[in-house]
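A note on names: the letters A, B, ... follow the listed sequences, proteins ahead of strands, and every chain is numbered from 1. The model shown is predicted, which means the values in this text are computed figures rather than measured ones.
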Amino acid sequence: MARSLSTAILPRVPNTEDDLNTDLRVRFAPSPTGSLHVGGARTALFNWLAARHAGGKFILRLEDTDRERSTPESEAEILRVMQWLGLDWDEGPFRQSERDDIYRDAIDRLKDAGAVYAAWESAEELDAMRAEARANKQAPVVRGRRDWSDDEIAAMKAEGRTPVWRFAVPLPGETVIEDMIRGTVTFDHAQIEDFVVARSDGTPTYNLAAAVDDLEMGINRVIRGEDHISNTPKQMLVMRALGGTPPQYAHVPLILGTDKKRLSKRHGAASVEELEADGFLPQPVRNALVLLGWSYDDKTTTFTMDELIEKFDVRRVSKSPAVFDMKKLEVMSGRYLRALDPDQFADELVQYLDATGYLADRGPDAADIARRSAPLVQRKMSRLTEYDRLAGWLYRPLEFEDEAWEFLANDIKHAIQAIGGGLGRLEVLDDFSMEPIKEALSDQLHVQGLSAREFLEPQRIAITGQSISTGIYESLEMLGKDAAVARYRQTLAKLAEGWTGGDA
RNA sequence: GGCGCAUUCGUCUAGGGGCCUAGGACGCCGCCCUCUCACGGCGGUAACACGGGUUCAAAUCCCGUAUGCGCUACCA
């Protein structure tokens, strides 16, 4: 159910042509060289939302032309994480490594059109050219020689050298991007080098493959990271040389770490995989991701997937980079967990504990304990990993954390009185459920004339051994009378040991 | 060095010339909620990078400066 309040607030740019643009074709094109990054995940989300909003198609393409760094494991991981996030694709996944014929054909067409030329310069010559340009405060753009004589070429071939193919950037000239987010961005051709489209072994480079694929797959809108913006004119040039029309572009700002540098591993959880392991559910992750660089209005901070689909509009994406704040994710996660239906929460919790191997390590009753304890922890957690800190005591015999024991040992006499008082009331209770327990303990508290903390804290430690735990009344109820009484006695006995020889 | 982009509270942002003595959220600080941890409630702290224009009026438009980031490969 959408909030009628927020729908009453009009977005700045009314959705017009996009709303029914069922021809919209967007794509997400990661290179499988690692796990899916937070930045990549957000790009994927934006694309997915744009497609779903318009009723268009979302295409997945793996850019694995770098055979050195691309791995099947990484590819599998990316697909897995996409599914975890709920981002389903309509076409693909396509692999560039399987489309070699298409690229070779495109390269041939570029050759026929005279748009590319063979460049024989060696790596050293190239380095020298760039170094010289830099020294002269010029743009370090490479323009290969195009006037090699037949003899020279024959000589190099004899040496075993093979040329790369460079795109002949038309001079003078400029390429203009009408970016949906950044507005008009102009690149002077003088600043664009004659980039390589085919390596000396004949394989395509990124700029060629991406351009060809976007054309061939009918992509009409490219939503990608701003780090690609300087590649865009190159790809547009290639597309036009092939007789195609470039798509609409929307370059989204980068996601930064807290040091304002592009987010990477050293910033902690930088991949979706890590967020998953850190106990976050997909929904809050999506919510946090979408709000990096995008907002619907000045107030709304939580969205269901349906609301996002309805409201998302790339044109409202911000131009400036955003710092990824884990704390905010945590807050969203906590809110989401608390808002869950109790049964649903229990399902998620058990599933998580099972998936992480937590239950397997804790005996046959573990799943049952986990499910029954879910209501005791739902309000207290902001991520699933916090479960053990609160409810870990349920799975083991009574043992005291140092800090908790110190609390008791600090004043053994008082501890014995409080715990003994609690035990006296609890062991005679017939109905060992939450309300009677609470009444009995509250009454005893008054009888002994102690403050709530003075009286209740020892009770907590007596049964949980922890100073941070689930609530006392519900914990006692869950434990059941026999187990609770046993724990009380055990604590008392241990305290008595410490008391002998003490100061009565 | 070259080119490009960006710049509102610590963070994410609202803001498209007067509605802005700049709004919201998170954080942080304080108080409340007679069980810890949390939750929740209430209150507070905190920003238009700087300098010039344009205009009756600028956070909003223009120019410059500074700073930051991105790209600058036969990586993607």
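Here A/Arg335 reaches the OP1 or OP2 of B/C26: one of its side-chain N or O atoms lies under 4.0 Å away. Residue A/Arg262 has no polar side-chain atom (N or O) positioned under 4.0 Å from OP1 or OP2 of B/A6. In this structure, A/Lys319 does not reach the B/C5 phosphate: none of its side-chain N or O atoms is under 4.0 Å from OP1 or OP2. At B/C33, none of the side-chain N or O atoms of A/Arg453 fall inside 4.0 Å of OP1 or OP2 (strictly under the cut-off). OP1 or OP2 of B/A14 lies within a sub-4.0 Å distance of a side-chain N or O belonging to A/Ser295. Regarding contacts with the backbone of B/A76, a side-chain N or O of A/Thr65 is found under 4.0 angstrom from either OP1 or OP2.
Note on A/Asp214 versus A/Arg61: salt bridge recorded, some NZ/NE/NH1/NH2 to OD/OE distance being below 4.0 Å. Salt bridge absent: A/Glu386 and A/Arg383 never bring a charged side-chain N and a carboxylate O closer than 4.0 Å. A/Glu193 has a carboxylate O that lies under 4.0 Å from a charged side-chain N of A/Arg130, or vice versa, which qualifies the two as a salt bridge.
Judged by distance alone, the side chain of A/Glu125 and the main-chain N or O of A/Ser122 form a donor-acceptor pair under 3.5 Å. Between the side chain of A/Thr491 and the backbone N or O of A/Ala462, at least one donor-acceptor pair lies under 3.5 Å.
Judged by distance alone with a 3.5 Å cut-off, a donor-acceptor contact links the side chain of A/Arg69 to the base of B/C75. The base of B/C35 is paired with the side chain of A/Arg460 by a donor and an acceptor separated by under 3.5 Å. Counting atom types as modelled, A/Asp227 pairs no side-chain N or O with a base atom of B/A76 as donor and acceptor under 3.5 Å. The base of B/C3 has none of its N or O atoms less than 3.5 Å from a complementary donor or acceptor on the side chain of A/Ser230. If you check distances only, the side chain of A/Lys380 does reach the base of B/C37 with a donor-acceptor pair under 3.5 Å.
The partner of B/A22 cannot be assigned: no Watson-Crick or G-U wobble pair with both contacts below 3.5 Å exists in any strand. The nucleotide B/G4 finds its pairing partner in B/C69, both defining distances of the Watson-Crick or G-U wobble pair being shorter than 3.5 Å. Pairing for B/C37 is absent, with no Watson-Crick or G-U wobble pair whose two atom distances lie under 3.5 Å. Across every strand in view, B/G43 sits in a pair with B/C29 that passes the Watson-Crick or G-U test at under 3.5 angstrom. B/C61 is paired with B/G53 under the criterion used here, namely a Watson-Crick or G-U wobble arrangement in which both key atom distances are under 3.5 Å. Across all strands shown, B/G16 forms no Watson-Crick or G-U wobble pair with both key distances under 3.5 Å.
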Quiz item: Which is it for A/Phe312 and A/Phe46 under the ring pair (Phe, Tyr, Trp, His ring centres under 6.0 Å) test, yes or no, and what are the steps along the way?
Solution: CA-CA 8 Å; A/Phe312 184 76; A/Phe46 281 0; 5.0 Å; yes

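Nucleic acid contact for A/Leu441: none, since no nucleic acid atom lies under 4.0 Å from a heavy atom of the residue. Backbone-only contact: A/Ser31 has heavy atoms under 4.0 Å from sugar-phosphate atoms and none from a base. Using a 4.0 Å heavy-atom criterion, one finds that A/His228 contacts the bases of the nucleic acid, with or without backbone contacts as well. Across all strands shown, A/Leu291 has heavy atoms under 4.0 Å from sugar-phosphate atoms exclusively, and none from any base. Counting any heavy atom pair closer than 4.0 Å across all strands shown, A/Gly293 reaches sugar-phosphate atoms only and no base atom. As judged by a 4.0 angstrom heavy-atom cut-off over every strand, A/Arg166 is placed among residues touching the sugar-phosphate backbone only. Note on A/Val196: only backbone sugar-phosphate atoms sit closer than 4.0 angstrom, heavy atoms only; bases stay farther off.
Here the side chain of A/Ser318 is nearest to one of B/U13, B/C35, B/C5, namely B/U13. Side-chain proximity of A/Lys328 to B/G24, B/U11, B/A6: nearest is B/U11. Distance from the side chain of A/Arg379 is smallest to B/A38 among B/G23, B/A38, B/G2. The side chain of A/Ser320 lies closest to B/A6, out of B/A76, B/G1, B/A6. Of the listed nucleotides (B/C3, B/G70, B/U36), B/C3 has the atom at the smallest distance from the side chain of A/Gln191. Here the nucleotide nearest the side chain of A/Ala322, chosen from B/U72, B/U13, B/A76, is B/U13. Taking only side-chain atoms of A/Ala139, from C-beta outward, the nucleotide of B/G2, B/C35, B/U13 with the closest atom is B/G2. Comparing B/U72, B/C35, B/G40 against the side chain of A/Pro140 picks out B/U72 as the nearest.
Between A/Tyr473 atom OH and B/C35 atom P there is a gap of 6 Å when expressed in whole angstrom units. Here the C1' atom of nucleotide B/U11 and the CG atom of A/Asp259 are 14 Å apart, to the nearest Å. In this structure, A/Arg182 places its CZ atom 19 Å from P of B/C3, rounding to the nearest Å. The interatomic distance linking A/Leu256 (CG) with B/U7 (P) rounds to 13 Å, in whole Å. Rounding to whole angstrom units, CZ of residue A/Arg104 and P of B/C74 are separated by 18 Å. Rounded to whole Å, atom C1' of B/A73 lies 6 Å from atom CZ of A/Arg130. Between A/Glu226 atom CD and B/A76 atom P there is a gap of 21 Å when expressed in whole angstrom units.
Side-chain rings of A/His228 and A/Tyr206 approach one another, their centers coming within less than 6.0 Å. Between A/Tyr117 and A/Phe167, the gap from one ring centroid to the other reaches at least 6.0 Å. Separation of the A/Phe303 and A/Trp294 ring centroids falls under the 6.0 Å cut-off.
The side-chain tip of A/Arg396 does not point at the ring of A/Trp393 from less than 6.0 angstrom away and within 45° of straight on.
Side-chain atoms of A/Ser469 and A/Gln466 form no donor-acceptor pair, as typed in the model, at a separation below 3.5 Å.
Nucleotide B/C39 is shown with a syn base, its glycosidic torsion being within 90° of 0.
On the C1' atoms, B/U13 is 29 Å away from B/G53, given to the nearest whole Å.
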Provide a list of protein-nucleic acid N or O atom pairs under 3.5 angstrom, restricted to nucleotides 65-67 of chain B.
none

